[in-house]
Amino acid sequence: MMNDSKDTSVNGTLVGIATPIAAFILLNLLNQVFVSLNGSNIQGFRTQFLAIVSILFNIIPIQIFTRQQRHLALRGTMYATMAVAFFVIGYYWDSLLGG
């Protein structure tokens, strides 16, 4: 195991929180562009769907940390992914259950 100063769970947590936020902003912008280009007959994706898909973007830093063998950063990213997933589920709880 290498002694890497960048291999900290704090770095992994920050990456694990920043990646879904950036992905959500990007997906939301793409969704708005898609709706504006196609006119009023397409409503676009729901915000809940974009939030759930943005969590999946954490696969990218997880793969990077795995290949670089940064296990502490990987652990922080996994904790952040779970925290963001629980936050999204809690925030959209009523609408996810069909209410």
Side-chain angles (χ1 to χ4, degrees):
M1 181 182 283
M2 298 183 330
N3 188 6
D4 189 2
S5 64
K6 296 177 185 176
D7 186 21
T8 63
S9 34
V10 173
N11 285 344
T13 303
L14 292 175
V15 168
I17 291 173
T19 302
I21 291 172
F24 180 76
I25 292 169
L26 178 68
L27 290 174
N28 203 6
L29 286 172
L30 290 174
N31 189 38
Q32 290 175 359
V33 168
F34 179 70
V35 169
S36 67
L37 290 177
N38 288 316
S40 62
N41 52 350
I42 295 179
Q43 295 179 353
F45 295 108
R46 292 174 49 186
T47 307
Q48 296 89 333
F49 178 73
L50 296 178
I52 292 170
V53 170
S54 68
I55 295 171
L56 296 175
F57 274 75
N58 265 349
I59 293 172
I60 297 168
I62 288 171
Q63 286 296 320
I64 291 171
F65 290 147
T66 301
R67 288 185 185 179
Q68 294 176 349
Q69 295 184 357
R70 295 186 180 177
H71 301 294
L72 295 176
L74 178 63
R75 182 180 297 174
T77 305
M78 294 302 290
Y79 288 147
T81 302
M82 295 302 294
V84 171
F86 284 131
F87 174 78
V88 168
I89 289 171
Y91 189 79
Y92 292 115
W93 182 256
D94 291 335
S95 62
L96 287 174
L97 293 178

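The basis for the numbers below is simple: all heavy atoms, side chains too, and nothing from hydrogens, waters or symmetry mates.
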Hydrophobic cluster membership, [X] vs [Y], 4.5 Å side-chain cutoff:
X     : Y     : result
Phe24 : Val53 : yes
Phe57 : Leu50 : yes
Ile62 : Phe65 : yes
Val88 : Tyr91 : yes

Distance (rounded to the nearest 0.5 Å) between [X] [atom1] and [Y] [atom2]:
X     : Y     : atom1 : atom2 : result
Gln68 : Leu74 : CD    : CG    : 11.0 Å
Leu27 : Thr47 : CG    : OG1   : 11.5 Å
Gln43 : Asn38 : CD    : CG    : 13.0 Å
Leu37 : Gln32 : CG    : CD    : 12.0 Å
Asp7  : His71 : CG    : NE2   : 7.5 Å
Ile21 : Ile55 : CD1   : CD1   : 11.0 Å

Where [X] and [Y] come nearest, the two heavy atoms and their spacing:
X     : Y     : value
Tyr92 : Ala51 : CE1-CB, 4.0 Å
Arg46 : Ser95 : NH2-O, 3.9 Å
Phe45 : Asn31 : N-OD1, 3.1 Å

Is the backbone N or O of [Y] less than 3.5 Å from a side-chain atom of [X], with the two atoms forming a donor-acceptor pair by type?
X     : Y     : value
Thr19 : Gly16 : no
Asn11 : Ala73 : no
Thr77 : Gly12 : yes

### Message
With a 6.0 Å cut-off (strictly less than), is the heavy-atom count around OH of Tyr79, excluding the residue itself, greater than 12?
### Response
no

#### Entry: Leu29 and Val33: CA distance, side-chain angles, deciding distance, side-chain contact (heavy atoms from CB on, under 4.5 Å) verdict
CA-CA 6 Å; Leu29 286 172; Val33 168; 5.5 Å; no

